[in-house]
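Okay, structure first, notes after.
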Amino acid sequence: MFTAADITRAGPVDAPVIAEMVGELLREIMASMGETLFRFDRIATESRAQGWLTNQSYAAFLARYPGEPRPVGLLTVYESYGLYADGTFGTIPEFYVRAAYRAQGIGSSLVAEAKRYAVARGWTRLEATTPPLPEFEGTMRFYTRQGFQVSGGRKLKLDLS
Ligand SMILES: CC(C)(COP(=O)(O)OP(=O)(O)OC[C@H]1O[C@@H](n2cnc3c(N)ncnc32)[C@H](O)[C@@H]1OP(=O)(O)O)[C@@H](O)C(=O)NCCC(=O)NCCS
């Protein structure tokens with residue numbers, strides 16, 4: 001039996017640690033893909049996170065582990081609109097558990113909290129994206145076990161900056 005992590009909703013004061021963990025997540029993805037996909041700027045990320053947490057356009061949940069002063073996991077979510085989704089729904093743009101704390105149920109607890117948050121808002125679904133790489137097959141299995149299904153689309157972007 002694993003020690004349960006404590007999951008709390010983050011506030012603007014947590015922006016620095018959120019930016020730090022987002023940096024770790026992006027570096028892990030770029031190391032797996034062997035490409036510079038993200039221009040991570042910690043100060044700008046922290047300031048954006050602080051703004052979005054203040055105006056509540058974006059929610060973040062932090063997992064804390066007994067005896068560990070810094071949070072060990074992060075899940076962020078924001079409200080999205082799509083007529084195809086039959087209403088408002090939640091998109092998870094960042095989801096990360098520090099490597100030493102994985103496979104102990106922390107990710108599952110973060111998703112459970114995100115589901116409660118989504119249901120309380122009447123959202124019709126949660127959507128997440130994972131890199132299409134063998135290194136992320138574990139993440140796919142994780143999402144599948146949590147009840148997520150592949151929705152069929154491919155993620156595209158048009159850079160405007
Ligand atoms: C996906 C992730 C958030 C899950 O968190 P977690 O705390 O390990 O999740 P749980 O302990 O609740 O579930 C463990 C399952 O996660 C999956 N998993 C995915 N990547 C893993 C990894 N690097 N190490 C351990 N488990 C991993 C495994 O399928 C594992 O199943 P198992 O118990 O049968 O081995 C975490 O592994 C992670 O941060 N991975 C790297 C970043 C990532 O993929 N983010 C999401 C998409 S961008």
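Counting starts at 1 for both ligands and their atoms, in listed order.
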query: What atoms in ligand 1 come closer than 4.0 Å to a heavy atom of Glu28?
result: 41 (C)
- line: A student checking ligand 1 against Tyr96 at a 4.0 Å heavy-atom cut-off should list atoms 39 (O)
- request: Would you mind running through ligand 1 and noting each atom that sits below 4.0 Å from a heavy atom of Leu25?
  value: 42 (C), 45 (N)
- prompt: Of the protein's non-hydrogen atoms, which lies at the shortest distance from atom 13 (O) of ligand 1, and what is that distance?
  reply: Phe142 CD1, 3.4 Å
message: Determine whether Tyr117 and Phe61 satisfy the following criterion, side chain to side chain contact (heavy atoms under 4.5 Å, CB included), listing intermediate values before the conclusion.
response: CA-CA 10 Å; Tyr117 182 81; Phe61 297 97; 3.6 Å; yes
query: Looking at side-chain heavy atoms only, is the closest gap between Val97 and Leu110 below 4.5 Å?
result: yes
ILVMFWY network linking Tyr96 to Met33, side-chain heavy atoms under 4.5 angstrom: yes
message: Is the contact between Leu110 and ligand 1 made by the side chain, the backbone, both, or neither, using heavy atoms and a 4.0 Å cut-off?
response: neither
- prompt: Within the distance-only criterion (no hydrogens, no angle test), does the side chain of Thr76 pair as donor or acceptor with the backbone N or O of Glu94 below 3.5 angstrom?
  reply: yes
Glu135 CD to Glu137 CD distance, which is reported to the nearest 0.5 Å: 9.5 Å
query: Which of these, Phe95, Tyr143, Phe136, has its nearest heavy atom closest to atom 3 (C) of ligand 1?
result: Phe95
task: Measure the distance from atom 26 (N) of ligand 1 to every protein heavy atom, then report the residue, atom name and distance (to 0.1 Å) of the closest one.
output: Ala103 CB, 4.0 Å
message: Among all the protein's non-hydrogen atoms, which is closest to atom 39 (O) of ligand 1, and how far away is it?
response: Val97 N, 2.8 Å
Check: Ser108 N/O within less than 3.5 Å of ligand 1 N/O: yes
- request: Kindly compute the distance separating CD (Glu127) from CZ (Phe148), expressed to the nearest 0.5 Å.
  value: 9.5 Å
query: Looking only at N/O atoms, are Gly138 and ligand 1 under 3.5 Å apart anywhere?
result: yes
query: Just by modelled atom types, is the Pro71 backbone N or O under 3.5 Å from a matching donor or acceptor in the Arg98 side chain?
result: yes
task: Nearest heavy atom to atom 36 (C) of ligand 1 wins, so pick from Arg141, Met140, Arg102, Glu135.
output: Arg102
- prompt: Within a strict 4.5 Å, meaning less than it, do heavy atoms of the Phe95 and Thr130 side chains meet?
  reply: no
message: Any nitrogen or oxygen of Thr139 lying under 3.5 Å from a nitrogen or oxygen in ligand 1? Just yes or no.
response: yes
- line: In ligand 1, the atoms that come under 4.0 Å of a heavy atom of Gly107 are 5 (O), 6 (P), 7 (O), 9 (O), 12 (O)
- prompt: Do ligand 1 and Arg145 have nitrogen or oxygen atoms that lie under 3.5 Å from each other?
  reply: yes
query: Regarding Thr8 and Arg64, is there a side-chain donor-to-acceptor distance under 3.5 Å anywhere?
result: yes
task: Please indicate whether any nitrogen or oxygen in Ile29 is less than 3.5 Å from any nitrogen or oxygen in ligand 1.
output: no
task: Can you pull out the closest protein heavy atom to atom 11 (O) of ligand 1? Residue, atom name and distance to 0.1 Å, please.
output: Gly105 N, 2.7 Å
message: Could you check whether any side-chain N or O of Thr124 sits under 3.5 Å from a backbone N or O of Ala85, counting only pairs where one atom can act as donor and the other as acceptor?
response: yes
